[in-house]
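Just so it is clear, the model here is predicted, and its values are computed rather than measured. When a ligand or atom number is given, it counts from 1 through the structure's own listing order.
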Amino acid sequence: MKAPVRVAVTGAAGQIGYSLLFRIAAGEMLGKDQPVILQMLEVPFEKAQAALKGVMMELEDCAFPLLAGMVGTDDPEVAFKDADYALLVGAMPRGPGMERKDLLLKNAEIFTVQGKALNKVASRNVKVLVVGNPANTNAYIAMKSAPDLPARNFTAMLRLDHNRALSQLATKAAVPVADIRKLVVWGNHSPTMYPDYRFATVDGASLKDKINDADWNANTFIPTVGKRGAAIIEARGLSSAASAANAAIDHMRDWALGSNGEWVTMGVPSDGSYGIPEGVIYGFPVVTKDGDYTLVKDVPVDEFSRAAMDKTLAELEEERSGVAHLL
Ligand code: NAX
């Protein structure tokens, strides 16, 4: 058996946390041979800490063979101590009457504190996934607040958007979801994201040719994927939780264990590719191997795609300028 690794999860008593922690402890994220120590962070309020205790009791009651230890805390420096992986799920939700700008600033405070704590106490190669919204900008803030850690280790979750797109495409083309390759969702985790299947294949053949419906792409597919989060809230009365936790598992598993040469979408700091300014956390196609990722660089960009990629970039740049004075 391997030595245990430390996995920090914030917002551990929330909805996504409840779907996520049990799967991590069951070995679904890092493999069935990888023991984990869960280090869970919640806000200091009595109710949240009590709920966290309850979650920890349930984790105990699962008697997971791979769960080598647990820590529950309200102190980021305890939660992130020597963490090898950090899943930053907890964030300030948008309250009634709250402007988007206020939401950005509230979250900027949280992710500045957490970035600094990671910088101070986490493993020097900690892999960070930000789920809490606005995910890309929160990841950017954490990255900027952690100058001693590799910037490329700060990522944002676009995998839920990627998985949503896969599912819509599989249904439209009547093909198994697992057979679709080379899909990407560019940009921000927000309704401006651009799901792009121009180069997707099924059994080596073009999925775009098979679907052959530009109107469906522009007027049904792209808006359906972009507004899926809102549609789930409308239907369920609560935001996506199990599917979000599933996407977080997919993201981290592929990053840690590799994607076997396949494209996956990760929000990562741009290296300047595709005209996206360096450092902006943007959804790109990547291939993962041996605990690292490589940006796929040679995807042709046509006029339609350029406009879509620039639109989602403009939103990210606006978010970034809204928090620039804090960094
Ligand atoms: P919940 O409100 O159920 O849980 C969030 C938990 O985080 C709460 O228990 C809260 O006390 C805790 N928390 C808040 N601030 C914290 C802090 N500074 N430190 C530690 N814990 C803190 O929300 P949930 O449904 O679990 O969603 C969590 C976040 O994921 C939200 O920001 C949500 O918008 C975002 N999402 C992101 C998605 C993505 O694809 N990137 C999709 C799903 C989800 O909407």
What part of [X] sits under 4.0 Å from ligand 1 if we count only heavy atoms: the side chain, the backbone, both or neither?
| X | value |
| --- | --- |
| H189 | side chain |
| M92 | neither |
| I16 | both |
| L160 | side chain |
| S239 | side chain |

What I want to find out is whether [X] reaches [Y] closely enough, with some N-O distance under 4.0 Å, to be called a salt bridge.
| X | Y | result |
| --- | --- | --- |
| R6 | D84 | no |
| D161 | R228 | no |
| R306 | D302 | no |

message: Looking at R152, is its backbone amide N or carbonyl O close enough to the side chain of Y293 to form a donor-acceptor pair, meaning the two atoms are under 3.5 Å apart?
response: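 Pair found, side chain donor or acceptor close to backbone of R152.
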- request: Give a yes or no on whether the backbone of A26 and the side-chain of K32 come within a donor-acceptor separation of less than 3.5 Å.
  value: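 Here the side-chain-to-backbone pair exists.
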Among all the protein's non-hydrogen atoms, which is closest to [atom], and how far away is it?
| atom | result |
| --- | --- |
| atom 18 (N) of ligand 1 | I110 CG2, 3.4 Å |
| atom 16 (C) of ligand 1 | V43 CG1, 3.4 Å |
| atom 33 (C) of ligand 1 | N133 ND2, 3.7 Å |
| atom 41 (N) of ligand 1 | V131 O, 3.2 Å |
| atom 8 (C) of ligand 1 | E42 OE2, 3.5 Å |
| atom 21 (N) of ligand 1 | G11 N, 3.3 Å |
| atom 28 (C) of ligand 1 | V89 O, 3.3 Å |
| atom 5 (C) of ligand 1 | G14 CA, 4.2 Å |

message: Give the atom numbers and elements of ligand 1 that come within less than 4.0 Å of a heavy atom of G90.
response: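 By the 4.0 Å cutoff, the relevant atoms are 7 (O), 13 (N), 22 (C).
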- prompt: Is there a protein heavy atom at a distance of less than 4.0 Å from atom 23 (O) of ligand 1?
  reply: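 Looking at atom 23 (O) of ligand 1, one finds that no protein heavy atom lies closer than 4.0 Å.
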field: Heavy-atom protein contact below 4.0 Å for atom 11 (O) of ligand 1
entry: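 For atom 11 (O) of ligand 1 the answer is yes, since some protein heavy atom falls inside 4.0 Å.
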- prompt: What do you reckon, does S240 put a non-hydrogen atom under 4.0 Å from ligand 1?
  reply: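 It does; at least one heavy atom falls under 4.0 Å.
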query: Under a heavy-atom criterion of less than 4.0 Å, does Q114 contact ligand 1?
result: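 Checking ligand 1 against Q114, which is what was asked, there is a heavy-atom contact under 4.0 Å.
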Minimum heavy-atom separation for [X] and [Y], please, with both atom names.
| X | Y | answer |
| --- | --- | --- |
| A248 | V131 | CB-CG2, 4.4 Å |
| A218 | P223 | O-CD, 3.4 Å |
| T10 | V89 | OG1-N, 2.9 Å |

- prompt: For D161 and ligand 1, does the shortest N/O to N/O distance drop below 3.5 Å?
  reply: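 So ligand 1 has no N or O lying under 3.5 Å from an N or O of D161.
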message: For ligand 1, which is the ligand I care about here, please tell me if T10 has any N or O atom under 3.5 Å from one of the ligand's N or O atoms.
response: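 Not met; the criterion fails.
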- request: Answer with yes or no after comparing the ring centroid distance for F284 and Y282 against a 6.0 Å cut-off, counting only values under it.
  value: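 F284 vs Y282: aromatic centres under 6.0 Å.
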task: Would you please indicate yes or no on a ring centroid separation below 6.0 angstrom for W255 and Y85?
output: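 No, ring centres 6.0 Å or more apart.
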- prompt: Side-chain donor-acceptor pair under 3.5 Å between D250 and N163, yes or no?
  reply: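 Distance-only check passes for D250 and N163.
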field: Between T192 and K311, a side-chain donor and acceptor under 3.5 Å
entry: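 Side chains of T192 and K311: no pair found under 3.5 Å.
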